[in-house]
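Inspection log for the structure reproduced underneath, given as structure tokens.
Throughout, numbering of the chain's residues begins at 1 and tracks the sequence. Model, not experiment: these values are computed from the prediction.
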Amino acid sequence: MPMNMAKSARKKKKKKVRKVKLSPWQAVLAAAAVLAVVFLVFRRWNGYGSESGASVPAGTWRYGIDISHNNEGPIVWDSLFVMTDAKRKTIRDPYQAKEIRKVSFIFIKASEGVTMKDKDFDRNWKAAGRADIRRGAYHFFRSSKDGRAQAENFIRSVGSLRHSDLPPVLDIETIHRGCSKKELNDKALVWLKTVEEHYGKKPVVYTGAAFARDVLSDRITSEYPLWIAHYGVRKPAFDGWTWWQFTDKAVVKGVPGKVDLNVMAVEQP
């Protein structure tokens with residue numbers, strides 16, 4: 001380095017770092033801001049957040065969900081709670097909850113048609129059993145397929161049931177083109193009888209309120225317990241139900257995204 005440049009460099013003074021002094025109030029506000037950020041990160045990390053979903057109907061209920069491979073992400077089986085705010089809307093954040101109720105039952109898709117087995121059934125079924133949640137398995141019925149073959153697919157997919165398990169469920173909500181109501185009901189009755197004989201439990205029939213009224217026979221709707229799906233109403237437009245699926249857009253702690261939510265009336269003393 002040339003001599004004159006070295007002298008010039010030595011003459012340059014180092015810039016002093018200016019220290020900012022905070023008043024006591026400014027220090028308190030800064031600390032509060034840091035704590036707020038940490039708190040928000042903690043809530044987000046633990047699955048809280050401000051997400052909300054459908055409101056629950058007025059009444060005293062036991063809550064349950066139903067799931068299949070179509071649900072988003074893994075379920076946190078030891079943290080399944082239905083939390084609602086002052087307006088009875090389902091929410092994710094326990095700090096905003098007015099009521100917190102444990103999920104007390106769950107229906108899990110087992111099979112569909114004559115060959116399909118839900119790819120997540122075994123994992124969900126075992127996890128529900130370990131979590132000590134009352135569980136039930138359901139079969140999605142295809143009116144174009146043989147009733148007995150569909151029953152055999154369900155039995156093969158589920159295997160044995162525990163005494164505490166809910167009854168098997170026949171999910172019957174569609175009718176294919178060219179199929180008569182009589183043909184559909186006959187096939188459904190074959191499924192119901194076959195499964196009942198195998199497990200010694202009378203199966204449940206899941207269906208929409210309009211489908212139960214317009215398509216299913218009186219024999220099915222009067223002889224088998226009903227799980228009715230009817231959204232956006234104060235009560236299902238079909239009497240005699242045991243379970244009511246009132247939304248597919250509920251927020252439930254422990255379940256990613258939106259989920260089907262069901263209620264079962266609590267018997268009053």
Original post:
Is there side-chain contact between V215 and L184, with heavy atoms separated by less than 4.5 Å?
Top reply: yes

**OP:** Taking atom NZ of K98 as the centre, report whether more than 12 heavy atoms of other residues, nucleotides or ligands fall under 6.0 Å from it.
**Re:** no

**OP:** Flag yes if more than 12 heavy atoms outside D218 fall under 6.0 Å of its CG atom; otherwise flag no.
**Re:** no

**OP:** Quick one: do T247 and D260 satisfy side-chain contact (heavy atoms from CB on, under 4.5 Å)? Show the steps, please.
**Re:** CA-CA 6 Å; T247 183; D260 299 340; over 6 Å; no

**OP:** Give the minimum heavy-atom separation between A209 and F238, together with the two atoms involved.
**Re:** O-CD1, 4.0 Å

**OP:** Please check if any side-chain donor atom of H176 sits under 3.5 Å from a side-chain acceptor atom of S144, or the reverse.
**Re:** no

Original post:
Does D122 come within less than 4.0 Å of K126, counting only side-chain N to carboxylate O?
Top reply: no

**OP:** Go through the steps to decide whether W243 and F105 satisfy the test side-chain contact (heavy atoms from CB on, under 4.5 Å), and finish with yes or no.
**Re:** CA-CA 11 Å; W243 294 273; F105 62 91; 3.6 Å; yes

Original post:
Should the heavy atoms of other residues, nucleotides or ligands under 6.0 Å from CZ of R162 be counted, would the total exceed 12?
Top reply: yes

Original post:
With a 4.5 Å limit on heavy-atom distance, are the side chains of V251 and E51 in contact?
Top reply: yes

Subject >> Stepwise side-chain contact (heavy atoms from CB on, under 4.5 Å) check, Y138 with S68 >> reply: CA-CA 10 Å; Y138 73 89; S68 71; 3.9 Å; yes

Subject >> Neighbour count >12 (heavy atoms, 6.0 Å) for atom CG, D214 >> reply: yes

Subject >> Check: P167 and P203 side chains under 4.5 Å, non-hydrogen atoms >> reply: no

Subject >> Heavy-atom neighbours of K202 NZ exceed 12 at 6.0 Å >> reply: yes

Original post:
Going through the checks in order, is the side-chain contact (heavy atoms from CB on, under 4.5 Å) test met by R101 and F81?
Top reply: CA-CA 6 Å; R101 300 285 298 276; F81 295 95; over 6 Å; no

**OP:** Give a yes or no on whether I155 and Y224 share a hydrophobic cluster (residues Ile, Leu, Val, Met, Phe, Trp, Tyr; joining criterion: side-chain heavy atoms under 4.5 Å apart).
**Re:** yes

Subject >> Name of the residue among K201, R135, R134 meeting side-chain hydrogen bond (donor to acceptor under 3.5 Å, both in side chains) with D165 >> reply: R135

Original post:
Does any non-hydrogen side-chain atom of F140 lie less than 4.5 Å from one of S111?
Top reply: no

Subject >> ring pair (Phe, Tyr, Trp, His ring centres under 6.0 Å) partner of H139, the single match among Y206, W191, F107 >> reply: W191

Original post:
Where does the angle between the aromatic ring planes of W241 and W61 fall among parallel (under 30°), tilted (30 to 60°) and perpendicular (over 60°)?
Top reply: tilted

Original post:
How about D239: does its CG atom have over 12 heavy atoms from other parts shown lying under 6.0 Å from it?
Top reply: no

Subject >> Check: H230 ring centroid to W244 ring centroid under 6.0 Å >> reply: no

Subject >> Check: L216 and I172 side chains under 4.5 Å, non-hydrogen atoms >> reply: yes

Original post:
To the nearest 0.5 Å, how far apart are CG in D85 and CD1 in I91?
Top reply: 5.0 Å

Subject >> Pairwise side-chain contact, I133 with L80, heavy-atom cut-off 4.5 Å (strictly under) >> reply: yes

Original post:
For K117, does the NZ atom have more than 12 heavy-atom neighbours from other residues, nucleotides or ligands under 6.0 Å away?
Top reply: yes

Original post:
Looking at side-chain heavy atoms only, is the closest gap between T242 and V204 below 4.5 Å?
Top reply: no

Original post:
Does K187 make a cation-pi contact with F141 (under 6.0 Å, within 45 degrees of the axis)?
Top reply: no

Original post:
Could you state the interatomic distance from NE2 (H69) to CD1 (I108), rounded to the nearest 0.5 Å?
Top reply: 14.5 Å

Subject >> Heavy-atom check, side chain of K181 versus side chain of N185, under 4.5 Å >> reply: yes

Original post:
Should we count NZ of K145 as having more than 12 external heavy atoms under 6.0 Å?
Top reply: no

